[in-house]
Amino acid sequence: MQDDKIKAWQYFRDTSVSRFTAPEAITCIENHAFYDCSTLKHFTFPEHLETLGDSVFMKCSGLPEISLPDGLEEIPEESFSGCFSLQKLKMPDSVQTIQNRAFYHCTALSEIPFPKDLKTIGFSAFERCISLKTAVLPEHVTEIGTRAFSGCWDLSSVRLPSGIQKIRKWAFSDCWYLEKIQLPESLAELGEGAFMNCVSLRQIRIPSNLTEISRNAFLGCAGLTQMHIPEHVKKVHEHAFSCCKQLKKLAIHDSTECGSSGLFDAIRLLHLYKKGCHVRIEIQEEKGADENLLFRFWSEKDTARRKIFFRQIHNPAYKIPLAVLMTVTVPEDNNIYQKYIHENFKAVSKFLIQNHDEDNMGKLLMLEL
């Protein structure tokens, strides 16, 4: 050890080290200095530390607590990764960045006192911290890295800062006990699988700056029961809501582009908004339906309210609901309604032609508008 630094790998797997007090002259602790010192149970930092290297305490599995020195601006990569016994953590408010995998797999860490000046949380920073229960992120945080809190099974409460802009891929995936989270209006990017397999999540509101819902964003969120996708969302990507078994109600504008597969597996009630029209679609599974695809149109006296019935057999080739009850509520301008009906019939006709269904094509042509 030099007068002002602890060298890289200097105490690598040194089982004779249980307590260590760094001399006050130390200003630098280099990479991996105490890597895999499983017997280390107490460490005191020097007051004027300037540089802390990567992976300094990685795999120090016996270290129960740590108090980082004032003035430190960054928690380097893998600093405490694999510190299974770490329960108490003190970070100075000077810390602005928590780097990649800094506290990865710290399974005993149940609480994190985030520094008030923190801005960035890196890749897998707290991934698999399975005892972590709450996360209150300070107001300066603008980005949460990929997998930052992934696999934090016990995490039930998260408060995001009002100015957050990006939540990267799988940031909160597999947080099984997370029931509610408010996405601030500032959020402009929600990464792929951001809340994947958050099985307890019951409600989510899409903020005004978010224009796309990414692939797998809420895949496996079995607790979601209803969802409203605002008009400002331009695209919902593939499998965004796949395997959401309780998601029975959905409201969406038809201007929103939807991915081609696995979006809304369990939907039974759909509210569709289109150019002033509100369409309510109830999907019903009917047993004993006719063998042939059958379309019927029922016109009521009130011209502003109509019902359309679509029925079909359970044929995987068709890939559309077994039975649909659609109620159309339109403004007084009947031309809008007529245009809407014709557009839908055009789509149905195209579907029948593609499937060479001449019988039902004939039935469709005989329907009265």
Side-chain angles (χ1 to χ4, degrees), residues 1-115 117-118 120-133 145 147-154:
M1 182 171 67
Q2 295 179 357
D3 291 342
D4 63 344
K5 68 173 60 175
I6 300 175
K7 292 183 178 180
W9 303 97
Q10 186 164 347
Y11 295 93
F12 173 60
R13 291 183 177 174
D14 189 339
T15 56
S16 67
V17 179
S18 60
R19 298 178 66 88
F20 192 98
T21 300
E24 284 304 313
I26 295 294
T27 60
C28 174
I29 303 176
E30 294 185 344
N31 298 349
H32 303 86
F34 294 88
Y35 182 94
D36 205 9
C37 288
S38 58
T39 56
L40 182 64
K41 296 186 182 300
H42 186 272
F43 187 92
T44 302
F45 284 93
E47 185 176 349
H48 301 293
L49 183 71
E50 296 175 0
T51 304
L52 182 65
D54 295 341
S55 311
V56 168
F57 299 97
M58 186 175 181
K59 293 189 176 181
C60 290
S61 55
L63 191 64
E65 61 180 281
I66 203 76
S67 180
L68 295 164
D70 292 336
L72 197 67
E73 295 184 357
E74 176 183 280
I75 311 298
E77 291 192 7
E78 299 185 318
S79 291
F80 301 94
S81 179
C83 291
F84 304 134
S85 300
L86 187 62
Q87 297 181 28
K88 294 182 179 180
L89 171 66
K90 181 183 177 182
M91 290 186 281
D93 286 334
S94 55
V95 171
Q96 298 182 23
T97 304
I98 298 176
Q99 286 287 8
N100 301 342
R101 298 168 66 93
F103 297 93
Y104 174 80
H105 211 186
C106 291
T107 55
L109 192 61
S110 60
E111 184 180 358
I112 303 169
F114 289 100
D117 290 334
L118 184 67
T120 304
I121 299 174
F123 177 97
S124 297
F126 298 95
E127 183 176 359
R128 299 186 69 185
C129 289
I130 59 175
S131 297
L132 185 64
K133 298 185 185 306
R147 295 190 182 277
F149 295 91
S150 178
C152 294
W153 302 340
D154 270 2

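Throughout, residue positions are numbered sequentially from 1 according to the sequence presented.
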What residue among F84, F80, F57 forms ring pair (Phe, Tyr, Trp, His ring centres under 6.0 Å) with F103?
F80
State whether the side chain of S38 and the backbone N or O of S61 hold a donor-acceptor pair below 3.5 Å, judged by distance alone.
no
Least distance between heavy atoms, A8 atom then E30 atom:
N-OE1, 2.9 Å
Provide the closest heavy-atom pair for L89 versus P113 in the form atom of the first, atom of the second, distance.
O-CG, 3.0 Å
Centroid separation under 6.0 Å, is that true for the rings of F126 and F114?
yes
Backbone of S131 reached by a side-chain donor or acceptor of D154 within 3.5 Å
no
In short, P46 meets P69 closest at the heavy-atom pair O-CB, 3.8 Å
So which heavy atom on C106 is nearest to which on L86, and how close?
SG-CD2, 4.3 Å
Would L118 and I98 count as a side chain to side chain contact (heavy atoms under 4.5 Å, CB included) here? Give the steps.
CA-CA 8 Å; L118 184 67; I98 298 176; 3.7 Å; yes
To check you understand the geometry: which heavy-atom pair defines the closest contact between L52 and P76, and what is its length?
O-CG, 2.9 Å
Strictly distance-based, threshold 3.5 Å: is any side-chain N or O of E127 a donor or acceptor partner for the main-chain N or O of S124?
no
Does E24 use its side chain to pair, donor to acceptor, with the backbone of E47 at less than 3.5 Å?
yes
Proximity of F34 and F43 rings by center, below 6.0 Å
yes
Please find out if less than 6.0 Å separates the ring center of Y35 from that of Y11.
no
